[in-house]
Amino acid sequence: MNSVVSEHGDQKLTYSKYTAGFVGSVVLTLTAYWLATHGTASGNTLAIVLGVLAIVQFAVQMLLFLHVGEERGPRWKLGMAGMMLVVILILVGGSVWIMNNLNTRMTPQQMDQYLKSQDSL
Amino acid sequence: MLLGHVAFALLGRLGWNQLPPNAIAYGGAAMVVGGLLAVAGLITYLHRWKWLWKEWLTTQDPKRIGVMYVIVALIMLLRGAADAFLMRAQQSVSVGSNQGFLDASHFQQIVSAHGTIMIFFVAMGLMFGLINLVLPLQLGARDVAFPFMNASSFWLFFAGMALVMASLVLGDFSAAGWLAYPPLSELKYSPTVGVDYWIWALQISGIGSLLSGINFMVTIIKMRAPGMSLMKMPMFAWSVMGSMALVAFAFPILTVTLTLLALDRTIGTHFFTAGGGGNAMMYVNLIWAWGHPEVYILVLPAFGIWSEVVATFSRKALFGYTSMVWAIWAIVILSYTVWLHHFFTMGAGADVNAFFGITTAVIAVPTGVKIFNWLFTMYRGRISFRSPMLWFMGFVVIFTIGGVAGVMMSVPAIDYQVHNSLFLIAHFHMMIIGGVVFAFFSGLSYWFPKIFGFRLHEGLGKVAFWFWSVGFIVAFTPLYVLGLMGATRRLDHYDASLGWQPLFIVAGIGAALIGFGVAAQVAQLVVSILLRDSNRDLTGDPWNGRTLEWSVPSPAPFYSFTKQPVVQVRDQFWADKQAKKSHKEYEDVLLPKNSGWSVAVGALAFTFAFCLVWHMYWVLPLAFVGVVVTLVVRSMNDEPEYVLTAREVEKLDQAQARKVKEYEAIQS
Amino acid sequence: MNQEVALELRREHEATEKTIFGFWLYLMTDCVLFASLFAVYTVLRHNTFGGPNGRELFSLPYVLVETFALLTSSFTCGLAMLAAQRKAKHEVLFWLGVTFLLGALFLGLELHEFSKMAAEGNSWRRSGFLSSYFTLVGTHGAHITIGLTWMAVMGLYVRSRGLTDSVRKRLILLSLFWHFLDVIWIFIFTIVYLYGSLNV
């Protein structure tokens with residue numbers, strides 16, 4: 001079952017990977033938590049930092065819990081993960097860009113007031 | 001009295017008033033019910049229920065699953081075409097004081113049903129059907145990666161189809177177009193079951209599609225014959241790989257979007273409602289983020305078919321294999337970057353529109369590369385204009401014209417003038433019919449002998465092609481003109497002073513010609529079956545093909561290969577033929593056992609959706625538990641396969657060879 | 001005879017590889033599913049329609065406890081897999097049980113949070129923001145529920161059939177699923193709760 005244990009069936013290596021992954025995730029989570037509750041940086045900068053921490057934790061868990069990149073032979077799992085990431089970036093990034101662009105061109109407050117005065121649909 | 005109340009509660013919002021409201025609708029319902037009764041009656045008369053269950057319904061053989069997909073898709077083609085004829089007829093006469101024969105609501109349901117059926121059940125059905133029939137054989141594999149899931153995907157597709165057909169009998173269908181934009185599709189403006197039928201038919205068949213995407217992708221990556229590296233795969237297999245990459249990463253978007261609309265309609269959320277903090281434009285954004293990849297999902301395997309057909313009927317290897325592969329992956333990536341071109345006019349700024357306009361123009365390039373490669377394949381080839389090749393010629397003309405119209409519309413400024421006009425309708429029909437449908441017709445003619453053991457009647461095939469092609473051009477060229485004159489889509493009536501009627505009538509004539517084409521295809525099927533003994537495929541290789549599927553006898557046996565082929569070069573079968581290599585070897589074969597659980601999956605999905613649509617809530621937990629039980633019980637089965645020994649394979653193979661000798665004798 | 005056995009083993013190995021690979025691809029598609037929900041949430045996050053926003057609704061300490069419950073369960077799931085590799089049946093059952101309890105704790109805390117909000121009138125019907133919140137986090141919770149059910153069934157399999165090849169293969173799939181759910185939670189934690197509390 002090579003997908004769980006790294007090559008050559010080394011239990012100790014995998015155990016230390018899981019532990020490292022766990023500790024790393026705990027540290028990253030606590031850091032993000034602390035910054036969010038005590039951080040003095042401006043909203044946007046803080047958001048970027050928190051985002052980076054999330055991405056790092058994502059990478060940590062992908063590598064150490066999900067064993068991405070450990071495949072022998074052609075790296076299909078990595079490739080699929082890569083395509084997934086590209087699609088997600090385009091989908092989420094593109095949607096946010098588009099919707100933001102559309103929303104700023106809507107007549108804002110008046111529309112909100114009007115809609116609130118109507119029956120909720 | 002009490003019994004009445006209980007029945008009332010149990011039946012949700014079903015009631016006598018949900019039967020069809022007018023004569024034409026009754027006609028549709030009668031055809032569904034009549035058709036079902038006729039089929040059931042025929043099977044009973046022939047005492048074939050057990051046979052049907054054992055040989056077809058519970059099968060895990062992708063060749064049989066493929067046949068079932070194609071049969072369902074072709075039946076739905078008849079329905080979708082009937083919708084089209086009704087629309088054309090209405091638009092030819094409904095001018096000025098004449099309101100035509102369809103009221104507005106009915107017309108909009110027909111419009112919506114036409115698009116929904118054609119995309120989700122005809123195009124997707126034919127595509128998955130052909131992939132099932134051809135892909136494993138081309139890869140030198142005996143089956144797909146997950147046979148049970150493959151069968152379940154078909155039954156989910158069938159369940160979705162059943163929901164759409166049920167809407168003809170009970171209740172109505174969505175009148176919100178084939179994509180059901182909110183707020184029109186929200187509860188306030190579409191309070192009937194129509195949009196709910198639409199949502200669940202797509203949701204269920206969509207899940208089937210997603211599972212198939214995973215299945216075929218794993219098949220291609222993990223189950224190629226030994227020695228078949230990716231660059232030795234047939235081009236059809238590459239195109240399927242690209243298409244399935246799109247399926248896997250685009251269909252989840254559809255799943256989410258349909259769910260959110262369903263939540264809005266059932267539990268009062270505010271995703272796309274006009275009030276409550278919803279944003280209807282987000283629906284349009286998401287549905288097209290799926291919708292654009294969807295059209296490439298359909299067209300890539302179609303391109304793959306052309307690569308096979310053109311090479312075979314030009315007696316030449318495909319020109320530019322490597323560039324074809326690059327073109328496929330360029331199309332795959334780019335198709336995720338163009339979706340906004342479906343709503344240039346929704347109000348985004350010039351920067352956003354320009355970005356997507358550019359990507360849209362760019363995506364035409366790899367497609368152009370492919371078309372040139374096919375033409376270069378033909379150059380200096382020994383071309384044989386059998387009907388599969390005729391469909392290709394029709395494609396080149398129609399698809400190119402339609403494609404150029406598309407590049408025009410990639411310019412936002414032009415699109416603002418023709419968005420949602422008949423110009424757009426002409427464009428995408430040229431792409432889908434000229435591109436996708438013609439390819440599938442060509443593929444069906446091409447691979448029919450492999451699956452059924454006899455060729456289709458060539459003369460009727462040519463007749464069908466000419467009626468389809470001429471009819472199509474007559475039906476859709478006027479639409480370009482009408483679009484430029486200002487005619488919008490989905491009109492059930494227009495003013496006489498506009499001067500549109502003559503063009504609509506011409507389009508109607510074109511539609512009638514297409515109708516003759518469809519009739520010719522039906523005739524072709526019937527005649528071919530009647531004349532099958534004189535059209536037997538005796539060698540397994542009726543077209544002098546290049547790829548592995550032609551190395552097995554026709555009809556392809558359920559075990560496919562007597563021994564899994566070993567591949568050393570591209571077009572291994574062609575190379576073997578040149579080297580006059582052929583000898584039979586036999587090995588043990590592992591095959592999946594039949595399973596009724598796949599049918600159960602479809603039946604439960606249909607039940608769940610039907611009861612949800614009709615608010616028969618008490619059934620839902622039961623159906624849900626049923627699905628869980630099915631999956632758990634199925635998963636407990638550790639031995640879903642059986643072994644066919646080499647000896648048994650040899651006996652079957654020799655029996656088939658003997659039959660071929662008999663056919664040979666009959667023919668001479 | 002030896003050649004036949006070797007062939008059989010290789011066939012089994014290939015079948016397992018195929019299944020794990022297919023499941024991984026399914027998980028990638030599930031990522032796109034969640035990404036769509038994240039896109040919707042991001043677009044609608046300020047559409048509070050006069051109702052409360054994230055800062056007013058979310059309690060970060062509470063969410064932190066949830067997060068650690070799930071994170072730890074992901075770790076203990078890994079430990080269960082190591083035990084499975086060693087064919088240590090009782091250790092597997094132990095760690096699987098711990099994982100299940102932590103997962104159930106996570107789910108319980110989440111359901112409590114949901115019902116509290118709904119009882120106060122801040123349900124998914126209140127606004128576009130809340131619709132997206134409940135659907136995104138709720139979809140994750142639904143996946144957790146499926147995972148817990150699967151875990152219970154696997155526990156029964158391990159107990160009754162032992163750690164056969166088929167059972168271990170399914171445990172691998174389950175562990176992939178469970179780890180993946182924690183990966184998704186990283187982004188829910190950050191984008192929904194942290195960003196929400198900062199009103200970003």
Side-chain angles (χ1 to χ4, degrees), chain A residues 1-5 9 11 14-15 17-19 21-23 25-26 28-30 32-33 35-37 39 43-44 46-47 50-51 53-55 57-58 60-62 64-68 71 76-77 80-81 83-85 87-89 91-96 98-100 103 112 115-116 120, chain C residues 13 16-17 20-21 24-25 27-29 31-32 34-36 38-40 42-44 46-47 49-50 60-61 63-64 67-68 71-72 74-79 81-82 84-86 125 127 165 168-169 171-172 175-176 178-180 182-183 186-187 189-191 193-195 197-200:
Chain A
M1 308 281 122
N2 286 325
S3 305
V4 176
V5 179
Q11 287 251 321
T14 313
Y15 178 77
K17 282 191 175 181
Y18 279 137
T19 316
F22 180 58
V23 168
S25 300
V26 168
L28 288 163
T29 305
L30 283 173
Y33 178 83
L35 283 172
T37 44
N44 274 342
L46 191 49
L50 293 175
L53 287 171
I55 291 172
Q57 195 182 149
F58 165 76
V60 163
Q61 290 203 16
M62 285 294 263
L64 298 174
F65 282 177
L66 283 165
H67 314 286
V68 173
E71 247 176 317
W76 283 109
K77 286 192 197 159
M80 290 193 293
M83 177 154 182
M84 178 271 290
L85 284 173
V87 169
I88 283 180
L89 283 168
L91 173 68
V92 180
S95 295
V96 169
I98 293 170
M99 298 310 296
N100 200 36
N103 282 338
D112 260 356
L115 287 172
K116 254 185 245 169
S120 156
Chain C
H13 178 75
T16 303
E17 279 287 304
I20 294 175
F21 184 71
W24 175 261
L25 181 53
L27 288 178
M28 295 299 102
T29 71
C31 287
V32 177
F34 276 106
S36 310
F38 272 110
V40 173
T42 306
V43 167
L44 295 181
H46 293 310
N47 289 23
F49 204 60
L60 282 187
V63 173
L64 191 65
T67 306
F68 278 132
L71 177 56
T72 313
S74 195
F75 176 62
T76 56
C77 185
L79 296 179
M81 293 316 299
L82 281 171
Q85 179 69 21
R86 278 181 279 116
R125 281 188 275 258
S127 64
D165 281 342
R168 282 190 303 155
K169 177 184 81 181
L171 281 174
I172 292 177
S175 72
L176 286 177
W178 198 252
H179 290 312
F180 150 84
D182 192 52
V183 167
I186 298 172
F187 291 101
F189 176 66
T190 308
I191 296 176
Y193 291 108
L194 294 186
Y195 285 8
S197 69
L198 295 170
N199 225 7
V200 164

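Just so it is clear, the structure is predicted and the values come from calculations on it, not from any experiment. Labels below follow one simple rule: chain letters A, B, ... track the order of the sequence lines, proteins then strands, and each chain is numbered from 1. Computation of the quantities below employed the complete heavy-atom set of this structure, encompassing side-chain atoms and omitting hydrogens, waters and symmetry-equivalent molecules.
To the nearest 0.5 Å, the span separating CE on C:Met81 from CZ on A:Phe65 amounts to 13.5 Å. Residue A:Tyr15 holds its OH atom at 6.0 Å from CG of C:Leu79, rounded to the nearest 0.5 Å. Rounding to the nearest 0.5 Å gives a distance of 7.5 Å between CG of C:Leu176 and NE2 of A:His67. To the nearest 0.5 Å, the span separating CG on C:Leu64 from OG1 on A:Thr37 amounts to 9.0 Å. Rounding to the nearest 0.5 angstrom, the gap separating the CG atom in A:Leu66 from the CG atom in C:Leu27 is 8.0 Å. Taken from CD in C:Gln85 to OG1 in A:Thr14, the straight-line distance is 8.0 Å, to the nearest 0.5 Å.
Both the backbone and the side chain of C:Asp182 come within less than 4.5 Å of a heavy atom in chain A. For chain A, the nearby part of C:Tyr195 is the side chain; its heavy atoms alone come within less than 4.5 Å. Contacts of C:Val183 with chain A are made by both backbone and side-chain atoms, with heavy-atom separations under 4.5 Å. Neither the backbone nor the side chain of A:Val23 comes within less than 4.5 Å of any heavy atom in chain C. For a residue to count as touching a neighbouring chain, one of its non-hydrogen atoms must lie under 4.5 Å from one of that chain's; by this rule C:Phe189 touches chain A with the side chain only. At a 4.5 Å heavy-atom cutoff, the contact between A:Met80 and chain C is made by backbone and side-chain atoms alike. Contact annotation for A:Val60: neither backbone nor side-chain heavy atoms come within less than 4.5 Å of a heavy atom of chain C. Contacts of C:Thr29 with chain A are absent, with no heavy-atom separation under 4.5 Å from either backbone or side chain. Using a 4.5 Å cut-off between heavy atoms, C:Phe68 contacts chain A through its side chain alone, with no backbone atom that close. In this structure, chain A has a heavy atom under 4.5 Å from the side chain of C:Leu198, while its backbone stays farther away.
Counting heavy-atom pairs under 4.5 Å between each of C:Tyr193, C:Phe38, C:Phe34, C:Phe21 and chain A puts C:Phe21 at the top. Of the listed residues A:Leu64, A:Thr29, A:Val96, the one with more heavy-atom pairs under 4.5 angstrom with chain C than any other is A:Thr29. Of all the listed residues (C:Thr72, C:Thr67, C:Thr42), the one sharing the greatest number of non-hydrogen pairs under 4.5 Å with chain A is C:Thr72. For chain A, the option among C:Val40, C:Leu60, C:Val200, C:Val32 with the highest count of heavy-atom pairs below 4.5 Å is C:Leu60. The residue among A:Asn100, A:Thr19, A:Val87, A:Leu85 with the most heavy atom pairs within less than 4.5 Å of chain C is A:Thr19.
Taking the six-membered ring where the residue is Trp, A:Phe22 and C:Phe75 present parallel rings, their angle staying beneath 30° rather than reaching 60°.
Nearest heavy-atom pair, C:Val43 versus A:Ser95, reported as atom, atom and distance to 0.1 Å: CG2-O, 4.5 Å. When all heavy atoms are compared, the tightest approach of C:Ser36 to A:Leu91 is OG-CD2, 3.7 Å. When all heavy atoms of A:Ala81 and C:Met28 are compared, the closest pair comes out as CA-SD, 3.5 Å. The minimum heavy-atom distance between A:Met62 and C:Trp24, with the atom names listed, is CE-CH2, 4.3 Å. Here the closest heavy-atom approach between residue A:Gln11 and residue C:Leu82 is recorded as NE2-O, 3.0 Å. Scanning both residues, A:Ala54 and C:Ile186, for their nearest heavy atoms gives O-CG2, 3.7 Å.
When side chains are defined from C-beta on, C:Thr190 does not count as touching A:Leu53, because their heavy atoms never get closer than 4.5 Å.
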